[in-house]
Visitor: 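Can you keep this structure in mind? I'll have questions shortly.
The model shown is predicted, which means the values in this text are computed figures rather than measured ones. Below, chain A is the first sequence line, B the second, and so on; all start at residue 1.
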Protein chains: 2
Amino acid sequence: MRTDTTFKRAFNDMIEIIRTLDLGEELPSENALRAQLGVSRTTVRKVLAGMAARGIIISEGHRRIMCEQPQQKERYPKEETLAISEQVETSFMEWMLRGDASPGTEINETELARKFGVATTIVREFLNRFQKYGLIEKRQNAGWVFKGFTAGFALELFEIREMFEMRSARLFAALPDGSPIWKQIQVMRAAHLELLADIDARYQDFSELDSRFHRLITAVAPNRFIESFQDVIAMVFHYHYQWNKRDERARNEVAIKEHLALIEALESRNVASIDRACRLHLTSARETLLRSIMQ
Amino acid sequence: MRTDTTFKRAFNDMIEIIRTLDLGEELPSENALRAQLGVSRTTVRKVLAGMAARGIIISEGHRRIMCEQPQQKERYPKEETLAISEQVETSFMEWMLRGDASPGTEINETELARKFGVATTIVREFLNRFQKYGLIEKRQNAGWVFKGFTAGFALELFEIREMFEMRSARLFAALPDGSPIWKQIQVMRAAHLELLADIDARYQDFSELDSRFHRLITAVAPNRFIESFQDVIAMVFHYHYQWNKRDERARNEVAIKEHLALIEALESRNVASIDRACRLHLTSARETLLRSIMQ
DNA sequence: CATATATTTCTTATGTATAAAAAACAGGGG
DNA sequence: CCCCTGTTTTTTATACATAAGAAATATATG
């Protein structure tokens with residue numbers, strides 16, 4: 001049966017909302033909370049009931065008022081807020097990248113389900129979705145085969161990435177001054193500079209910024225297939241480097257500087273400069289990944 | 001519970017194998033049949049048992065001999081040889097392309113399962129796999145949305161297709177004389193000429209040839225992401241034109257000629273000619289699809 | 001001993017069940 | 001009449017069950 005992770009996540013979020021209120025203040029309507037929390041009203045009501053049961057709020061006729069600051073310890077732990085399907089993703093990545101699997105390994109749905117402690121349905125669904133990352137392959141009426149997180153994989157990945165990203169970057173040369181993208185590029189540059197200034201402490205924040213940066217560039221001319229491919233890239237970087245921390249700080253610092261150079265090139269509107277900066281960054285990212293895969 | 005479509009398909013295939021034997025001749029071993037039929041020995045044995053039950057073959061100690069020509073009417077009908085998941089694909093495509101769905105339509109797993117007469121699990125699994133075609137999108141904790149088989153879709157599709165195909169075609173310019181691909185190209189040219197010579201009767205065979213041709217070009221330098229994208233293209237052409245037969249003969253004749261021109265360009269090894277022929281074909285294919293979508 | 005068949009075990013494909021979440025519906029107050 | 005809360009209905013996420021198919025193991029035969 002379905003887990004109540006949505007409820008727990010909403011509950012945790014609600015704690016933050018309540019913290020902004022004063023004692024005795026009235027809570028927003030269920031509908032308003034629904035919008036804020038991004039869940040259904042059904043779940044909002046369940047959260048409110050939970051809050052009332054804990055004495056954090058009190059129902060008075062048709063309104064609810066806050067009567068006690070919620071404690072941080074009331075929060076549900078992070079793991080319980082992740083849908084089973086999300087947990088499976090992490091488990092699988094760990095299984096894969098920790099080296100339990102070498103290229104050609106057969107993947108057994110039942111065995112994975114046992115190992116991860118979930119139903120086979122979930123594993124099966126996950127594998128179906130995961131197929132798009134190009135790391136596994138299905139054989140009719142049999143299981144899946146793990147193709148390996150190999151240099152070949154990285155090269156094929158980057159061949160496509162280069163095509164897509166160069167395509168988007170070049171379009172900046174013809175982008176009118178008035179485009180709202182330029183403003184977002186400015187914001188992006190600021191974020192990079194900020195991170196760079198505090199790189200020693202915050203270098204781990206780069207992964208997420210990287211993904212946002214590349215998605216922004218792509219957004220000049222949206223294409224669903226390119227966007228979908230960015231999920232592949234994001235997955236690779238997110239998980240691979242999560243299990244391979246070597247030189248992380250240095251790696252990220254270099255990448256930030258390359259991003260800044262690319263931003264400058266984009267703003268110059270000069271196709272040749274854009275090409276150069278973009279290719280430089282992609283080449284460097286590819287080499288870094290390859291080196292890291294080869295150990 | 002699982003359907004026995006594998007058995008039925010193997011049974012039909014076995015009929016063809018038996019037809020090549022003489023009365024009283026001994027059948028190949030179970031293992032040999034397994035390899036020929038491409039199924040497990042378990043299934044082979046089930047098929048053999050079925051044949052024996054119908055008196056087509058007879059077991060004599062540890063060998064089986066053929067004792068009666070199987071009738072064509074013994075064959076299981078085509079529908080029964082398709083796995084449920086394959087049937088769902090067809091049903092869904094029909095539902096989508098017949099116009100039951102307009103852009104923005106919400107897709108309801110339960111309803112589709114009812115409509116198609118299958119379990120929700122199957123529909124769910126199908127939708128997960130189908131997601132890669134870029135026509136549907138999932139919303140968290142809610143159903144799917146059909147994004148529409150629109151002009152926008154076609155344009156995004158062709159933008160990628162152009163990048164990928166030009167990339168592969170250009171690589172031919174540097175392909176050594178000795179590459180086995182050239183021979184395959186020759187075979188491909190012959191197949192095109194043959195089809196062209198008999199175009200009035202066989203124009204419907206083009207769809208499959210088209211897919212093979214483009215996959216061959218891509219095969220110069222394999223890339224799993226490009227290959228996966230070709231599934232998207234194949235799906236679009238296969239199903240879309242299956243429900244939109246207007247000008248099919250003329251369309252296909254034009255495409256065949258463009259393919260032949262591209263083959264010639266590839267063999268010339270001249271990048272400029274290759275570019276021109278490739279772009280010409282893709283542009284024409286795009287316009288044809290767009291016209292067809294717009295009706 | 002190699003290869004064939006018989007038997008057993010394991011895995012996948014597909015169906016059904018159910019709690020959680022979403023959505024729809026209904027009455028009530030400002 | 002709009003928006004709020006209470007209630008009911010649908011739908012999804014997840015678990016579990018089982019027949020078909022694949023794979024492994026055992027046994028037989030030349």
Visitor: Tell me what A:Lys138 touches on the nucleic acid: a base, only sugar-phosphate, or nothing, going by heavy atoms under 4.0 Å.
Guide: sugar-phosphate
Visitor: When you measure from every atom of DNA chain D, which of residues 43-53 of chain B have a heavy atom less than 4.0 Å away?
Guide: B:Thr43, B:Lys46
Visitor: Which nucleotide sits closest to the side chain of A:Asn141: C:dG15, D:dA22, D:dG6?
Guide: D:dA22
Visitor: Please work out if B:Thr42 contacts a base, only the sugar-phosphate, or nothing of the nucleic acid, heavy-atom cut-off 4.0 Å.
Guide: base
Visitor: Go through the steps for B:Asn141 and A:Arg2 under the test side-chain hydrogen bond (donor to acceptor under 3.5 Å, both in side chains), then give the verdict.
Guide: CA-CA 11 Å; B:Asn141 277 332; A:Arg2 195 170 190 168; 2.7 Å; yes
Visitor: Counting side-chain heavy atoms from CB outward, which of C:dA13, C:dG15, D:dC4 is closest to B:Arg2?
Guide: C:dA13
Visitor: Classify the ring geometry of A:Phe153 against A:Phe149: parallel below 30°, tilted from 30° to 60°, perpendicular beyond 60°.
Guide: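 Judged by the thresholds at 30° and 60°, the geometry between A:Phe153 and A:Phe149 is tilted.
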Visitor: Between residues 108-117 of chain B and DNA chain D, which residues have a heavy-atom gap below 4.0 Å?
Guide: B:Asn108, B:Glu109, B:Thr110
Visitor: With distance as the sole test, does A:Asp4 use its side chain to make a donor-acceptor pair with the main-chain N or O of A:Phe7 at under 3.5 Å?
Guide: no
Visitor: Name the closest nucleotide to the A:Arg41 side chain, picking from D:dT7, C:dA4, C:dT14.
Guide: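 It is D:dT7.
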Visitor: Which part of the nucleic acid, if any, lies within reach of A:Arg124 when heavy atoms closer than 4.0 Å are counted: base, sugar-phosphate only, or nothing?
Guide: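 Here A:Arg124 touches the bases of the nucleic acid.
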Visitor: Hey, which sits more toward the 5' end of DNA chain D by its nearest nucleotide, A:Ala119 or A:Arg139?
Guide: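 Taking each residue's closest nucleotide, the earlier one in sequence belongs to A:Ala119.
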Visitor: Have a look at A:Arg9 and say if it touches a base, only the backbone sugar-phosphate, or nothing, with a 4.0 Å heavy-atom cut-off.
Guide: nothing
Visitor: Heavy atoms only, 4.0 Å cut-off, all strands: where does A:Arg34 land among base, sugar-phosphate and nothing?
Guide: nothing
